[in-house]
Protein chains: 2
Amino acid sequence: MPKKKTSENVTVGITPVALKEHEHAHCIDDAINTAEAYCKNAKLRFTPIRRKVLEILAQEHRAIGAYAILERLRENGFGSQPPLAYRALEFLTKHGLAHKVERLNAFISCTHPTKEHSPAFLICRTCSSVAETTLDAAKTSLGGIARAANFRMEGLVMESEGLCSSCSRAAT
Amino acid sequence: MPKKKTSENVTVGITPVALKEHEHAHCIDDAINTAEAYCKNAKLRFTPIRRKVLEILAQEHRAIGAYAILERLRENGFGSQPPLAYRALEFLTKHGLAHKVERLNAFISCTHPTKEHSPAFLICRTCSSVAETTLDAAKTSLGGIARAANFRMEGLVMESEGLCSSCSRAAT
DNA sequence: CGATGTTATGTTATAATGTAACATTATTGA
DNA sequence: TCAATAATGTTACATTATAACATAACATCG
Ligand SMILES: [Zn+2]
Ligand SMILES: [Zn+2]
Ligand SMILES: [Zn+2]
Ligand SMILES: [Zn+2]
């Protein structure tokens with residue numbers, strides 16, 4: 001049983017982020033509230049579409065493709081042309097409220113918003129769960145190499161695919 | 001002057017891989033020869049298309065998109081339907097002779113073939129050079145987190161975008 | 001307020017990237 | 001040589017992403 005999900009609670013087996021057993025509704029509320037506060041403080045406009053996209057992302061601890069987001073937007077009475085989703089996603093990712101998982105060409109709600117951070121992901125190839133953790137980019141192995149080479153790191157993509165503990169146990 | 005290129009020699013300012021000043025023709029020869037030997041040893045078929053795709057990739061220390069590869073294939077008398085390139089790329093990446101740079105949705109010839117390795121890339125956003133280095137995935141920061149979480153890492157994507165030393169100097 | 005600049009959204013069309021599916025050909029290895 | 005396997009040819013399509021331009025909402029300053 002790789003993953004259990006009810007409307008209010010998700011059980012998973014990864015520790016990094018909020019992926020232990022937890023009251024998942026809090027994740028959603030937190031994401032929205034933090035984003036709202038952040039935008040207010042930074043004088044950014046947390047418009048209905050942006051809010052809705054973040055809500056959609058925060059529903060699940062997994063990455064969601066832009067076109068899946070568009071479907072959900074349509075269901076909620078918003079337009080469903082690609083630019084709508086991509087613009088909202090651009091806003092959210094630019095301000096660290098969501099991230100793109102490059103390996104999946106899909107997006108995920110950030111579980112460490114506010115903090116300036118370099119996210120890293122553990123992607124389960126079986127249950128598709130995505131766990132986020134943060135790194136100090138400069139302290140990674142690649143950071144050292146970059147420094148030695150006078151390469152100025154501006155962004156870091158760090159993603160591992162594999163099996164989460166639940167799926168790993170189930171696989172043996 | 002971010003990058004200098006003549007037919008036989010490329011000058012760049014990144015140290016990790018073969019990206020210091022070097023006789024670039026060797027890179028191409030090495031890539032092909034190593035691949036040939038590897039395939040022979042592993043009883044894999046290093047067919048004309050696969051060889052040509054690797055040659056195309058090895059021409060440059062930067063990532064090349066599948067459709068750009070297709071163009072080059074056509075110029076060389078091969079077919080130019082997408083599956084041609086993608087199949088060759090699948091073969092090359094599967095056997096560690098080339099890699100996909102996820103951040104760019106593009107492919108690059110491996111500079112550490114033969115060795116079982118987890119590549120990491122330094123991508124210059126100005127001159128598009130891509131420098132490859134290798135990592136021990138388990139020893140990365142994410143590796144430690146994965147271990148603690150009982151996450152079984154099977155693959156690692158580690159890519160940094162930024163400015164290579166040449167472009168960095170030029171930018172100030 | 002009302003003009004004006006700025007930001008966000010609506011809309012259409014298309015670009016870029018990647019695969020499924022099936023027919024044909026080449027290679028391998030009894 | 002024959003059957004099994006692997007690779008290639010080919011068509012069609014799926015998925016992901018952006019360009020470009022029009023309209024609307026919002027800010028803010030006189
Ligand atoms: Zn949760
Ligand atoms: Zn899992
Ligand atoms: Zn070279
Ligand atoms: Zn550069």
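Only this structure's heavy atoms are used, side chains among them; waters, hydrogens and symmetry mates stay out. Protein chains get the first letters and strands the later ones, always in sequence-line order, with residue 1 at the start of each.
For the pair Lys52(A) NZ and dT9(C) P, the computed distance is 15 Å after rounding to whole Å. Distance CD (Glu71(A)) to C1' (dT15(D)): 13 Å, rounded to an integer number of Å. Atom P of nucleotide dT11(C) and atom CZ of Arg74(A) are separated by 14 Å, given to the nearest angstrom. Per the geometry, NZ belonging to Lys43(A) stands 14 Å off C1' belonging to dC26(D), to the nearest Å. Taking atom CG of residue Leu70(A) and atom C1' of nucleotide dT9(C), one finds them 14 Å apart after rounding to whole Å. Following rounding to the nearest Å, Glu102(A) (CD) and dT16(D) (P) show an atom-to-atom distance of 13 Å. If you take CD1 of Ile64(A) and C1' of dT16(D), they are 16 Å apart, rounded to a whole angstrom. Look at CZ on Phe78(A): it is 9 Å from P on dG10(C), rounded to the nearest Å.
For His112(B) and His99(B), the ring centers sit 6.0 Å or farther from each other. Taking the six-membered ring for Trp and the full ring otherwise, His24(B) and His22(B) have centroids separated by under 6.0 Å.
Using a 30° and 60° split on the angle between ring planes, His95(A) and Tyr38(A) fall in the tilted class, from 30° to 60°. The aromatic rings of Phe107(B) and Tyr86(B) sit perpendicular, their planes meeting at an angle over 60°, well past the 30° parallel limit.
Taking the charged nitrogens against the carboxylate oxygens, Arg74(A) and Glu71(A) have no contact shorter than 4.0 Å, which rules out a salt bridge. With respect to Glu90(A) and Arg87(A), no salt bridge is recorded, no charged nitrogen being found less than 4.0 Å from a carboxylate O.
The phosphate of dT17(C) (OP1 or OP2) has no side-chain N or O of Asn105(A) nearer than 4.0 angstrom.
Residues Leu97(A) and Ile69(A) share a single hydrophobic cluster, defined by chaining ILVMFWY side chains whose heavy atoms lie under 4.5 Å apart. By the criterion of side-chain heavy atoms lying less than 4.5 angstrom apart, applied directly or through intervening Ile, Leu, Val, Met, Phe, Trp or Tyr residues, Leu163(A) is not grouped with Met153(B); the two fall into different hydrophobic clusters.
An aromatic stack links Tyr67(A) and the base of dT16(D), using centre distance under 5.5 Å and interplanar angle under 30°.
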All N/O contacts under 3.5 Å from nucleotides 5-11 of chain D to the protein, with atom names and distances to one decimal?
{"residue": "dA7(D)", "atom": "OP1", "partner": "Arg50(B)", "partner atom": "NH1", "Å": "3.3"}
{"residue": "dT8(D)", "atom": "OP1", "partner": "Thr47(B)", "partner atom": "OG1", "Å": "2.7"}
{"residue": "dG9(D)", "atom": "N7", "partner": "Arg87(B)", "partner atom": "NH1", "Å": "2.9"}
{"residue": "dG9(D)", "atom": "O6", "partner": "Arg87(B)", "partner atom": "NH2", "Å": "2.5"}
{"residue": "dT10(D)", "atom": "O4", "partner": "Arg87(B)", "partner atom": "NH2", "Å": "3.3"}

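The terminal axes of the helix from dC1(C)-dG30(D) to dA30(C)-dT1(D), fitted over 5 pairs per end, subtend an angle of 30° to the nearest 10°.
For the pair Arg45(A)/Arg50(A), a side-chain contact is recorded, criterion being any heavy-atom separation below 4.5 Å from C-beta on.
Looking at heavy-atom distances under 4.0 Å, Lys100(A) makes contact with sugar-phosphate atoms alone, never a base.
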